[in-house]
Every structure is written in structure tokens, then in C-alpha cells.
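What follows is one structure encoded as C-alpha cells, with my remarks underneath.
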There are 2 protein chains.
Amino acid sequence: MGAGRTARDKARAELTREIKDEARRQLATDGAHQLSLRAVARSLGMVSSALYRYFPSRDELVTALIIDAYNALGDAVDQADRGATPGERWRNSCTAVREWALAHRHEYALIYGSPIPGYQAPQDTVGPGTRVPLTLLGIAAAGDPPDGPVPDGLRAQLDALAGVVPPGLPAGALARVVLAWTQLFGMVGFELFGQLVGSVDPAEEFFGFAVDQMAEYVGIA
Amino acid sequence: MGAGRTARDKARAELTREIKDEARRQLATDGAHQLSLRAVARSLGMVSSALYRYFPSRDELVTALIIDAYNALGDAVDQADRGATPGERWRNSCTAVREWALAHRHEYALIYGSPIPGYQAPQDTVGPGTRVPLTLLGIAAAGDPPDGPVPDGLRAQLDALAGVVPPGLPAGALARVVLAWTQLFGMVGFELFGQLVGSVDPAEEFFGFAVDQMAEYVGIA
DNA sequence: CAAATTCGAGAGCACTGCTCTTGACCGACG
DNA sequence: CGTCGGTCAAGAGCAGTGCTCTCGAATTTG
């Protein structure tokens, strides 16, 4: 079971990729609920039992798709995180989240909707899942972060968090960015899942407004 | 097919309720994904095909559960919406959302997670789904709502919304409450789905902080 | 009382995830 | 170079699913 040396290993790596690609294709069109191992195998011209040599269960395949989705979103945001001012960077990054979500609805639903496999997210997904909030934190650190008052219990959690997370933000600013983070994804999720229909949907205008408001809130001009 | 007159109609109404109750029980323990018509029927001592006399499909059963969940959450919030000041009412209502969500994880995931049946939420669910935001709007109206500047396109949407929604809030205040609404549910969803694990989980402290911040933001002392 | 409607039960279809066995193929080791 | 162990795809099969259809029995309606 070495790295990609022998022909067999190469073939295995390629097939693993092809399976994921086909699964992602079916996910994009039919949704995670409809994703079927047998249909993926059929589409690849093999029999369903052969697929189990590459993924031990359907949930493992879905988990692989989840990790890929987190990374795809992370890449999209990283690529959008450009601009002369922190404000531009913030707006561009937030917009990238929304646009990626709109362009990959089912993948977004997979990672930010109800967790389908089991109660807890697999450990492998937490790393890639932290990329976007870390980017937001970095942008906020480049601004003028305000350190408002924070209750003691929360302050302890935030201090512990500040020790793990790169940018040296004070607890108050950290709390504000976390709040903005939850707002951003709450808003995007609401738009995607039809919760805004009777109110501010189409949500583009409201999205821009909210992003600006939160930028101001976290101390970005 | 009259109202509950004959013995048959009574039995039908009762069985419909029993089916929903059993389905909700299985939903609570196993999650929406695992909810099985056949298991529900089995648990009720009948055969699966008999169940189709009461719900034409699994999705229709789930839709009924969704409506009930919206109403249960709405009831919980309505009951919690008490307090001497708008600030108390706001805090109590927001806390009721979180506590209901934590006590009914799978039901919450059903209504605020990825929509399982089809792309669009059935029309019957939008009414009950507006109860919580309407409550929040009412509380904000009892405070001192600030009318900040709002971009033109959004202003048009908000003015249209203001004509439909009871409390006479100016557009700027309306926008702020919508933002707070998305933040609240984004935060609760994040906590429930494990997104806050490496940062501010357990989230009780952060939740209180965010609720207070948003109260201030919508003009509640 | 008779006719019409509603109902539960059962069989059956197409599908799912997953397991196990059977041969074929490949790669390393003597 | 040959053998031998590991890897692989294929197929059958199991238990489960949503859903449809048919068939008697029960009940409401005329």
C-alpha cells in the first residue's frame, strides 16, 4: 500500500478521483439525498460492489465530498480575498462565499445544511471547515478592530481561541468577527433554502447591505 | 368527506394524528434521513400500504412534520415573549429559539437545515415559517428603532415588505431586524451542526453576547 | 336493504446499501 | 523465470426502502 508507484496504485488513485467526480456530478444535479452508490458505479461502468474497494461506505464517500467542498469554498474565498483596503477584501470574500454557494447549492447544503451522516461531523472535516473564518479573521486584523466589553465566561473561551488562531486580535474583536461569521452563513443559508422568499429575496441588495454593516461592526472602514 | 362527523371521519383524524406522532418520534431519535414509512406503519401495527390512505407520499408526511415543527417553535417563542422591557422580551424570545432547537435538534434540522424534499419549500410551510421573524419585528417596534441609510434597491424591497408586515417600522430598522434574524438562526444552526466546536462551543456565553449585541443593533435598550 | 365509498391487507416492482464468494489479474520474492 | 500472496471486478444475494395494484371486508350513504 505505497504511494503512487506501481501501475496498480496509479490506477487506484485515478479511479478514486473518478468516483468522487461522478459522485459530485450526481450530487450537483440530484442533491445529497438522491446520491446513490449504485448509480455512481453504473455511470462508471462498474458494478456496485467494486466501488466498496475505494470507499468503505456511502457515508465515507459523502465525507470525502464534504472535505472537497470545504476546500473548494476555501479556495474560492482565498482567491477572492484581494483588494486595496480591508473593506474591499471583506466585501470580496463575503461575496465569494455567496457566489460559490449559489453556484454549488447542493454542495453548500451538504456542508452547511443538516449533517446527514450521523450526529457529529467527522474529525477530518474540521480542518478544511475553518478556512473561511480564518480568512475573515485575517481581514479583520488588517482593519481597526475594536475591543468592546465581553462577559467573563466568553472572554476565557476567546482568549483560548486567540492562542490557537493566527491573527492577534483582542477578545472583543474576536467575538465580533465570530458574530459576523455566523451572520454571513446564516444569511447565505437563508437565501439558498428559500427562507427569505417573502421578504428580501432576491437577496443581492440585502446581502450587500449586511456585508457592509458587518464590516463596520468588526472595525473595517 | 365531511368534517369529523361520522365514526369513520373520527377514526381517520385520530389515525392521521397517531401517524404524525409516531413519525415525529422516529424523527426525534433517528433523524429525518432515517424516517421510514414502513417503520412507522410497523410501529402502529399496520401495513405500509395502508399508510398511503393518509399521506400520499413520504414527502407529504415530512411536509406535515415541517409545518408542525414551525408551529411548535412559533408557540415556544410566543410563550417566551414576555418581559417588562423590549430588551427582556428580545432576550427571552431569542433564548427560546435556541432552547427549542437544542431540545428538538432533528426537527430544527428539518426546517432550517437543507430542504430534503425537492428544491423548493412547499407553499404550506411559508406561513408558519414567518412566525418567529414577525415576533422579532414586533419586539423591535416596541423599542427605539433607528432608521439608518439603506441602498435604493433594498429600500424598495423593504417598503414593499413594510406594507405586508404589521409593525410600522421604517426601512432602515426593518433591514436591521432582518439582519439580526439571519444572525440568530445562523448562530443557532452553527451551534447545532457542530460548526462552532473549535471556537466558542459550548455556545451559551457567546449566544448571550450576540443576542445583546443584536438587540442594541436593532435599537433595543 | 342495496349501492357506493372507504379501508386494511397482501403481493409485487424497482430501487437502495452492503456482504460474501468466485475467478482473474498483478506484483513482489525466491 | 516461476510461484505465490495480495488486489481487484463481477455476480449473487440479503434486508430494507417507497410506492402501486388488487382484492375482500367494513362502513357510510341513498
Side-chain angles (χ1 to χ4, degrees), chain A residues 1-20 22-27 29-66 106 110 115-118 122, chain B residues 1-20 22-23 25-27 29-66 110 115-118 122:
Chain A
M1 183 82 67
R5 297 262 291 297
T6 77
R8 208 165 219 171
D9 288 343
K10 266 195 174 300
R12 179 178 182 85
E14 170 128 353
L15 236 183
T16 306
R17 237 206 21 177
E18 278 181 31
I19 292 171
K20 278 204 296 183
E22 178 58 33
R24 186 164 23 246
R25 215 168 296 136
Q26 296 198 10
L27 167 65
T29 62
D30 302 332
H33 184 62
Q34 302 286 342
L35 181 58
S36 148
L37 274 190
R38 294 181 107 111
V40 169
R42 218 177 297 130
S43 206
L44 260 50
M46 46 172 140
V47 90
S48 74
S49 61
L51 224 147
Y52 283 83
R53 301 246 170 221
Y54 300 86
F55 295 93
S57 74
R58 198 196 102 115
D59 282 1
E60 293 281 337
L61 213 200
V62 171
T63 300
L65 292 180
I66 288 176
H106 283 124
L110 189 64
I116 302 284
Chain B
M1 180 84 68
R5 298 260 292 296
T6 77
R8 208 165 221 173
D9 288 343
K10 268 196 173 300
R12 179 179 183 85
E14 170 129 351
L15 236 183
T16 304
R17 237 205 20 177
E18 279 180 30
I19 292 171
K20 278 204 296 184
E22 178 58 33
R25 215 169 296 137
Q26 297 199 8
L27 167 65
T29 62
D30 303 332
H33 184 64
Q34 303 284 344
L35 180 59
S36 149
L37 273 190
R38 294 181 106 112
V40 170
R42 219 178 296 131
S43 207
L44 260 51
M46 46 173 141
V47 89
S48 75
S49 62
L51 223 148
Y52 283 83
R53 302 251 176 220
Y54 299 86
F55 295 92
S57 75
R58 198 195 103 115
D59 281 1
E60 293 281 335
L61 212 201
V62 171
T63 300
L65 293 181
I66 288 176
L110 190 63
I116 301 285

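Residue numbers start from 1 in every chain, and the chains themselves are labelled A, B, ... in the order their sequence lines are given, proteins ahead of strands.
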In whole angstrom, give the distance that lies between atom [atom1] of [X] and atom [atom2] of [N].
{"X": "B/Leu35", "N": "D/dG18", "atom1": "CG", "atom2": "C1'", "result": "12 Å"}
{"X": "B/Glu14", "N": "C/dC7", "atom1": "CD", "atom2": "P", "result": "15 Å"}
{"X": "A/Asp59", "N": "C/dT16", "atom1": "CG", "atom2": "C1'", "result": "13 Å"}
{"X": "B/Asp9", "N": "C/dT6", "atom1": "CG", "atom2": "P", "result": "10 Å"}
{"X": "A/Leu15", "N": "D/dA9", "atom1": "CG", "atom2": "P", "result": "6 Å"}
{"X": "B/Lys10", "N": "D/dT28", "atom1": "NZ", "atom2": "P", "result": "13 Å"}
{"X": "B/Leu37", "N": "D/dT20", "atom1": "CG", "atom2": "P", "result": "11 Å"}
{"X": "B/His33", "N": "D/dG16", "atom1": "NE2", "atom2": "C1'", "result": "12 Å"}

Nearest 0.5 Å, please: how far is [atom2] in [Y] from [atom1] in [X]?
{"X": "B/Met46", "Y": "B/Glu18", "atom1": "CE", "atom2": "CD", "value": "7.5 Å"}
{"X": "A/Ile19", "Y": "A/Phe55", "atom1": "CD1", "atom2": "CZ", "value": "5.5 Å"}
{"X": "A/Asp9", "Y": "A/Glu14", "atom1": "CG", "atom2": "CD", "value": "13.0 Å"}
{"X": "A/Arg58", "Y": "A/Arg38", "atom1": "CZ", "atom2": "CZ", "value": "13.5 Å"}
{"X": "A/Leu61", "Y": "A/Lys20", "atom1": "CG", "atom2": "NZ", "value": "9.0 Å"}

Any N or O donor-acceptor pair linking the side chain of A/Arg38 to the base of C/dG17 at under 3.5 Å?
->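 By the distance-only test, yes, there is a pair.
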Is B/Arg8 side chain donor-acceptor paired with the C/dT6 base, going by distance under 3.5 Å alone?
-> yes
Close residues, residues 41-54 of chain A, relative to DNA chain D [heavy-atom separation under 4.0 Å] =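 A/Met46, A/Val47, A/Ser49, A/Ala50, A/Arg53, A/Tyr54, in order of number.
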Determine, step by step, whether A/Leu51 and A/Leu44 satisfy the side chain to side chain contact (heavy atoms under 4.5 Å, CB included) criterion, reporting the C-alpha distance in whole Å, the side-chain angles of both residues, the deciding distance to 0.1 Å, and the verdict.
-> CA-CA 10 Å; A/Leu51 224 147; A/Leu44 260 50; 5.8 Å; no
Minimal heavy-atom distance between A/Ser48 and A/Ala41, with the atoms involved, is CA-CB, 3.7 Å
Counting heavy atoms from C-beta on, name the nucleotide in C/dG27, D/dT17, D/dT29 closest to the side chain of A/Ala7.
-> C/dG27
